[in-house]
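A, B, ... follow the sequence lines: proteins, then strands. Residue 1 opens every chain.
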Amino acid sequence: MTNLAALLYLVSGVLFIQALRGLSSPETARKGNLYGMAGMAIAILTTLAHAHLSFGGTMLVLVALFIGGTAGAVIARRIAMTAMPQLVAAFHSLVGLSAVFVAAAALYSPEVFGIENADGSLHMQSLIELSLGVFIGAVTFSGSVIAFAKLNGNMSGKPIILPKRHIVNLALLGGAAFLVLILVATHGEGSIAHTLFWLLTLVALVFGVLLIIPIGGADMPVVVSMLNSYSGWAAAALGFTLENTALLITGALVGSSGAILSYIMCKGMNRSFISVIMGGFGETAAAAEDDGIERTVKRGAAEDAAFIMKNAGKVIIVPGYGMAVAQAQHALKEMANLLKEEGVEVKYAIHPVAGRMPGHMNVLLAEADVPYDDVFELEDINSEFGSADVAFVIGANDVTNPAAEDDPSSPIYGMPVLKVWEAGTVMFIKRSLGAGYAGIENPLFFRDNTMMLLNDAKKMVEEINKAL
Amino acid sequence: MTNLAALLYLVSGVLFIQALRGLSSPETARKGNLYGMAGMAIAILTTLAHAHLSFGGTMLVLVALFIGGTAGAVIARRIAMTAMPQLVAAFHSLVGLSAVFVAAAALYSPEVFGIENADGSLHMQSLIELSLGVFIGAVTFSGSVIAFAKLNGNMSGKPIILPKRHIVNLALLGGAAFLVLILVATHGEGSIAHTLFWLLTLVALVFGVLLIIPIGGADMPVVVSMLNSYSGWAAAALGFTLENTALLITGALVGSSGAILSYIMCKGMNRSFISVIMGGFGETAAAAEDDGIERTVKRGAAEDAAFIMKNAGKVIIVPGYGMAVAQAQHALKEMANLLKEEGVEVKYAIHPVAGRMPGHMNVLLAEADVPYDDVFELEDINSEFGSADVAFVIGANDVTNPAAEDDPSSPIYGMPVLKVWEAGTVMFIKRSLGAGYAGIENPLFFRDNTMMLLNDAKKMVEEINKAL
Amino acid sequence: MLAIAATLIVDPFVFRLAIFTLACFVGYFVVWSVTPALHTPLMAVTNAISSVIIVGALIAVSAHGVTREFGFIATTLAAVNIFGGFLVTQRMLAMYKKKG
Amino acid sequence: MLAIAATLIVDPFVFRLAIFTLACFVGYFVVWSVTPALHTPLMAVTNAISSVIIVGALIAVSAHGVTREFGFIATTLAAVNIFGGFLVTQRMLAMYKKKG
Ligand SMILES: NC(=O)c1ccc[n+]([C@@H]2O[C@H](COP(=O)([O-])OP(=O)(O)OC[C@H]3O[C@@H](n4cnc5c(N)ncnc54)[C@H](OP(=O)(O)O)[C@@H]3O)[C@@H](O)[C@H]2O)c1
Ligand SMILES: NC(=O)c1ccc[n+]([C@@H]2O[C@H](COP(=O)([O-])OP(=O)(O)OC[C@H]3O[C@@H](n4cnc5c(N)ncnc54)[C@H](OP(=O)(O)O)[C@@H]3O)[C@@H](O)[C@H]2O)c1
């Protein structure tokens with residue numbers, strides 16, 4: 001029986017690997033997701049068959065699955081695509097909290113997990129794994145709650161820098177290590193062990209909050225990804241305790257995934273992970289320096305834009321965060337269709353960190369039914385701007401800033417950008433001449449071949465559509 | 001102690017993974033190879049520390065390592081780069097034979113491997129794993145010997161098709177399965193078990209020979225790669241028997257590697273793996289059909305070629321099997337240097353199955369000190385032939401055959417080819433108008449913008465160099 | 001004999017460590033092979049699969065007293081994630097369409 | 001108690017199967033990540049590492065009689081491969097040079 005169960009958990013782990021492997025292309029992704037569901041079903045059924053649940057227990061499980069499942073399904077159907085960052089953060093907090101309770105259960109009743117010694121005490125090894133699991137789980141929970149609040153606007157995105165925060169954090173870590181030490185000394189027995197456990201949880205919760213509040217709201221995507229990684233490591237730690245292959249494999253997969261996505265984001269922004277985690281970004285960002293020279297901006301109206309694009313041979317659309325905010329993707333798709341009817345070639349260029357989470361633009365364009373073979377990554381399209389008549393930048397800013405290439409003093413210097421300025425005409429749709437996420441001015445606004453279309457992205461595109 | 005050993009074997013497995021990972025680019029490859037050596041050293045030292053060798057045993061090991069190591073080192077230093085396919089085949093045969101002897105040792109003295117039951121017998125599971133190991137090992141051995149003989153010219157490359165070979169092969173497989181069954185029934189005890197073991201080995205040896213002789217000499221690279229894969233699976237099977245993580249991991253790595261390389265080769269040739277393994281290729285290859293039309297060929301001399309290339313803006317060199325045969329890589333490199341001095345842009349285009357083993361051309365060009373950033377894969381350079389003045393095809397044939405694109409009746413139809421015909425002038429260096437590996441005519445020879453330089457590749461390039 | 005065999009038994013922890021290490025490699029490779037266009041669904045689906053922690057929660061329900069309550073809460077939380085994560089991924093993936 | 005624990009012990013074979021399965025995934029990914037220009041060195045180096053079968057050969061030498069002879073032969077054969085494989089790989093890799 002146990003052998004069969006162990007085998008089935010392995011199968012479930014392999015199915016999870018296949019789920020992620022499917023994501024290598026949109027064609028295979030749906031099948032991949034089904035593999036993932038199958039893996040989860042196998043893991044759950046194996047456990048149920050194995051857990052010797054009483055009738056009452058079975059009822060409880062069904063109730064829990066029903067409540068949780070309904071809530072999850074409703075959220076999944078209702079959520080707006082633009083709210084994905086918050087949603088992911090919220091979900092992470094649940095995984096973290098769930099891990100805390102599972103760790104608590106393992107400590108309170110090691111015998112049901114089959115991990116107790118003959119005298120009912122716990123191995124040092126199990127206690128350490130369990131402590132790691134609960135610590136990371138609790139940090140994931142409280143950290144994700146803060147990230148959610150910042151992303152959802154329930155809390156100001158401004159970094160909150162407490163005095164001596166690094167010392168406080170170190171002290172908390174030291175305290176946690178000390179608690180684990182005593183916990184190991186108790187062999188996990190008696191109410192003293194339970195108290196220590198909850199103390200450890202408390203320390204971790206506080207640590208999680210302190211870890212995230214100094215980080216600016218705009219850096220939250222990196223944080224969310226980092227917390228994703230943490231939730232994976234928490235699962236892996238409990239996989240060691242519970243001796244469960246599915247948990248071990250999944251933990252490692254999720255842990256790697258979050259870490260790699262954080263890395264990709266940091267590289268796309270040309271910032272170091274450490275500087276993100278240390279926080280404070282967004283506060284010190286200097287206002288665009290005023291060099292005293294009066295510069296002129298060429299403003300345009302929807303009709304001008306429509307006229308130019310109608311007569312263009314090739315238009316490349318560059319969407320950014322502003323498109324997401326304005327929910328302009330559907331209008332944009334309509335504009336592309338109108339242009340295609342006029343015989344214009346239309347492509348979309350996506351910067352790796354356009355928007356506020358990895359793949360953000362892709363999912364919004366997909367929502368508006370833009371076929372994904374019209375959508376190109378930076379490396380694949382950057383050489384094409386030279387042959388485009390119009391670069392149509394909608395709600396994007398930093399990802400087109402030439403300062404990243406030619407101004408070594410710029411905070412984004414070295415970050416790869418979309419070379420929209422090589423197109424015949426560059427159009428910017430945004431509401432003002434203000435800066436984007438990085439808080440720096442975009443010199444393109446003042447170039448001769450630039451036309452600024454100042455308005456809300458959705459309204460402006462709708463006007464263009466009328467003019468077309 | 002055993003835990004430490006198990007950990008160290010894991011470390012060794014991870015180092016082997018790193019060794020292969022290093023090969024993702026030439027910069028990291030050397031470091032990767034060092035990781036591989038370190039992994040092997042750790043595995044050997046761990047075993048020695050663990051094996052309780054007597055003084056005599058230690059001496060024996062040292063003698064074996066000395067003899068084997070010296071032989072290996074001498075071979076590695078002396079071997080010509082053009083003989084790599086044979087060398088790899090020869091090495092595989094050694095791994096296979098080594099696996100056979102290790103399996104024999106496990107059967108004769110299970111107690112030193114700690115795999116015997118309390119009464120000295122062997123588990124069914126161990127016996128099956130061990131049989132798998134010896135069977136695959138022996139097939140690898142005899143198969144590799146045949147492959148070596150065919151590649152090295154000790155044996156004709158012509159496919160040897162025995163009557164009823166598929167039935168004979170099936171009978172051998174059935175016999176092997178039957179032997180394993182009885183072996184399991186003996187619990188691996190007594191001289192009867194030993195006899196069964198050697199019978200099984202014999203059957204596997206015969207099977208290995210029969211498996212490879214029907215395959216034509218030119219298909220040997222796929223076979224070598226397949227045998228590489230087999231040697232991996234043999235190692236993995238013994239990894240299960242000997243309960244050794246390093247063997248398990250390595251076996252899986254090598255097994256996958258060989259399988260993937262075979263797949264890449266088959267895809268590059270647009271043939272199915274099954275058709276390669278079924279053999280007979282090269283025998284039935286129809287002679288180039290004579291369509292009755294007299295076609296003219298434009299022959300050129302070295303001076304003409306030198307003149308045209310000197311005045312060209314861009315030359316793309318396409319090396320093939322003939323360059324390897326003629327050992328023309330050094331002369332070629334000199335020619336490229338002379339052209340560069342004249343201000344000509346020179347690049348190399350490598351087809352995935354140019355030559356006779358994967359990466360064959362790359363290693364020869366590297367031997368001649370051609371920098372690897374001048375060398376491009378098919379996908380990266382195929383669009384550049386249109387802008388090249390000269391495509392300089394040296395000893396290549398099939399990989400430039402346009403029939404692969406436009407003649408659905410051609411045996412290579414569908415195989416990706418280098419579009420040399422898009423260049424201003426195409427030069428072919430070969431000794432005759434004869435066909436290449438696939439035995440089909442290349443219509444390019446008769447085109448107007450083609451110049452045939454009929455001679456041995458090395459001699460011709462040296463003449464061109466003189467004329468430059 | 002039995003004594004020898006006992007000293008030769010490897011602590012399962014080492015096996016688990018091997019599984020974990022290899023799974024980290026697999027994770028590394030598999031995530032790098034994900035196309036950037038699907039990074040948002042990737043986040044959602046990793047979310048869903050990390051809720052396989054539910055296996056621990058279900059076992060806890062089979063205990064008594066407060067452990068069972070812990071199990072109940074953990075199962076509910078994980079279930080939100082499992083259903084929410086897979087379904088929102090499915091919803092997103094259904095939106096990715098080829099031309100025509 | 002002890003009886004319960006015994007039924008819960010998983011056959012190490014299952015762990016090995018897990019290790020093997022994951023290693024196959026790793027192999028799949030790692031080999032696809034090898035650049036085609038280095039496929040010949042790849043063949044040579046996989047040759048070398050598959051000779052880790054030498055660990056079995058070395059243990060066999062510690063036995064007596066014919067097993068020891070098997071061990072000796074197997075060790076010698078594997079050693080040819082190990083030294084030959086790594087050194088020829090090193091020789092090849094040393095030839096790959098960047099421009100300039
Ligand atoms: N994708 C990720 O994973 C990720 C993660 C972390 C950080 N980031 C950062 O986010 C930035 C992304 O660059 P981006 O070019 O997409 O965006 P951006 O540089 O932040 O610029 C967005 C622009 O959209 C405009 N905008 C806002 N609301 C609008 C509306 N309703 N209608 C029209 N325009 C509107 C804003 O200008 P107005 O106010 O003038 O309208 C703003 O300049 C990068 O700096 C990146 O480093 C991305
Ligand atoms: N790379 C691999 O892994 C692999 C594996 C299996 C099969 N293959 C097959 O091998 C072929 C490789 O294509 P390829 O274009 O490189 O070679 P090819 O099509 O076999 O042509 C080689 C040409 O070189 C000429 N040649 C031979 N010796 C020469 C010398 N000393 N001097 C000058 N020319 C000489 C021959 O013509 P003359 O006789 O007229 O001189 C022959 O036409 C493909 O068909 C591929 O499918 C490759």
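- Relative ring orientation between D:Trp32 and B:Tyr263 is described as perpendicular, the plane-to-plane angle rising above 60° on a 0-90° scale split at 30° and 60°.
- Neither the backbone nor the side chain of B:Thr70 comes within less than 4.5 Å of any heavy atom of chain D.
- With rounding to the nearest 0.5 angstrom, the NZ atom of D:Lys97 is 12.5 Å from the CG atom of B:Asp373.
- Looking at B:His52, the atoms closer than 4.5 Å to chain D (heavy atoms on both sides) all sit in the backbone: N, CA, C or O.
- When the candidates D:Leu42, D:Val55, D:Leu22 are compared by the number of heavy-atom contacts under 4.5 Å with chain B, D:Val55 comes out ahead.
- For B:Leu10, no part sits under 4.5 Å from any heavy atom of chain D, backbone or side chain.
- A donor-acceptor distance shorter than 3.5 angstrom exists from the side chain of B:Asn33 to the backbone of D:Phe86, with no hydrogens or angles considered.
- Ranking B:Ser93, B:Ala76, B:Pro352 against chain D, the residue ahead of the rest is B:Ala76, based on heavy-atom pairs under 4.5 Å.
- Contact count against chain D (heavy-atom pairs under 4.5 Å) is highest for B:Gly69 among B:Ala19, B:Gly69, B:Ala104.
- Across all non-hydrogen atoms, the minimal contact from B:Phe91 to D:Gly85 is CE1-N, 3.7 Å.
- Ranking D:Ile54, D:Thr21, D:Val45, D:Val88 against chain B, the residue ahead of the rest is D:Val88, based on heavy-atom pairs under 4.5 Å.
- Between B:Arg77 and D:Leu87 there is no side-chain heavy-atom pair separated by less than 4.5 Å.
- Of the inter-residue distances, the one linking B:Ile17 atom CD1 with D:Ile49 atom CD1 reads 9.0 Å to the nearest 0.5 angstrom.
- Residue with the most contacts toward chain B among D:Gly65, D:Ser50, D:Ser51, D:Ala48: D:Ser50 (heavy-atom pairs, distance under 4.5 Å).
- Closest approach of D:Val61 and B:Gly57 over heavy atoms only: CG1-O, 3.6 Å.
- Shown here for D:Asn47 and B:Val88, the closest heavy-atom pair between the two residues is ND2-O, 3.4 Å.
- Each of B:Ala64, B:Gly359, B:Ser256 has some count of heavy-atom pairs under 4.5 Å with chain D, and the biggest count is that of B:Ala64.
- The two atoms that bring B:Pro26 and D:Thr35 nearest to each other are CD-CG2, 4.5 Å, heavy atoms only.
- B:Leu365 does not touch chain D: none of its heavy atoms, backbone or side chain, sits under 4.5 Å away.
- Taking OH of B:Tyr108 as the reference point, atom OG1 of D:Thr67 lies at 8.0 Å (rounded to 0.5 Å).
- In this structure, CG on B:Leu261 lies 9.0 Å from OG1 on D:Thr40, to the nearest 0.5 angstrom.
- Aromatic ring orientation, B:Trp233 versus D:Phe20: perpendicular (interplanar angle above 60°, classes split at 30° and 60°).
- Scanning both residues, B:Ser257 and D:Thr46, for their nearest heavy atoms gives OG-CG2, 3.4 Å.
- Between B:Ile44 and D:Ile82 the shortest side-chain heavy-atom distance falls below 4.5 Å.
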Does the side chain to side chain contact (heavy atoms under 4.5 Å, CB included) test come out yes or no for B:Ile249 and D:Ile19, once each step is laid out?
-> CA-CA 7 Å; B:Ile249 297 182; D:Ile19 293 174; 4.1 Å; yes

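- The greatest number of non-hydrogen atom pairs below 4.5 Å with chain B, out of D:Val31, D:Thr89, D:Thr75, is found for D:Val31.
- Ranked by heavy-atom pairs under 4.5 Å with chain D, the list B:Thr245, B:Val363, B:Ile75 is led by B:Val363.
- For the set B:Val63, B:Asn244, B:Val95, the count of heavy-atom pairs under 4.5 angstrom toward chain D peaks at B:Val95.
- A distance of 11.0 Å separates CD of B:Glu243 from CZ of D:Phe13, quoted to the nearest 0.5 Å.
- Of the two parts of D:Ile53, the backbone and the side chain both hold a non-hydrogen atom closer than 4.5 Å to a non-hydrogen atom of chain B.
- The CD1 atom of B:Ile260 sits 8.5 Å away from atom NE2 of D:His39, with the distance rounded to the nearest 0.5 Å.
- Within 6.0 Å of NE2 on B:His194 lie more than 12 heavy atoms contributed by other residues, nucleotides or ligands.
- When the candidates D:Phe25, D:Phe83, D:Phe15 are compared by the number of heavy-atom contacts under 4.5 Å with chain B, D:Phe83 comes out ahead.
- In this structure, chain D has a heavy atom under 4.5 Å from the side chain of B:Thr47, while its backbone stays farther away.
- Of the two parts of B:Glu367, the backbone and the side chain both hold a non-hydrogen atom closer than 4.5 Å to a non-hydrogen atom of chain D.
- Contacts of D:Leu17 with chain B are made by both backbone and side-chain atoms, with heavy-atom separations under 4.5 Å.
- When every heavy atom of D:Val34 is checked against every heavy atom of B:Leu23, the shortest pair comes out as CG1-O, 3.6 Å.
- Interface summary for chain B: among D:Ala78, D:Ala44, D:Ser33, the most heavy-atom pairs under 4.5 angstrom belong to D:Ser33.
- A heavy-atom distance below 4.5 Å is found between the side chains of B:Met84 and D:Met92.
- Using a 4.5 Å cut-off between heavy atoms, B:Leu238 contacts chain D through its side chain alone, with no backbone atom that close.
- Only the backbone of B:Val370 comes within contact range of chain D, with at least one heavy atom under 4.5 Å from a heavy atom of that chain.
- In this structure, chain D has no heavy atom under 4.5 Å from any part of B:Phe66.
- Contacts with chain D were tallied for B:Ile79, B:Leu97, B:Leu65; B:Ile79 has the most, counting heavy-atom pairs under 4.5 Å.
- Under the 4.5 Å side-chain criterion, counting only non-hydrogen atoms from C-beta, D:Asp11 is in contact with B:Gln125.
- Only the side chain of B:Thr250 comes within contact range of chain D, with heavy atoms under 4.5 Å apart.
- Counted within 6.0 Å of NZ on B:Lys31, heavy atoms from surrounding residues, nucleotides or ligands total 12 or fewer; the atom is thus considered open.
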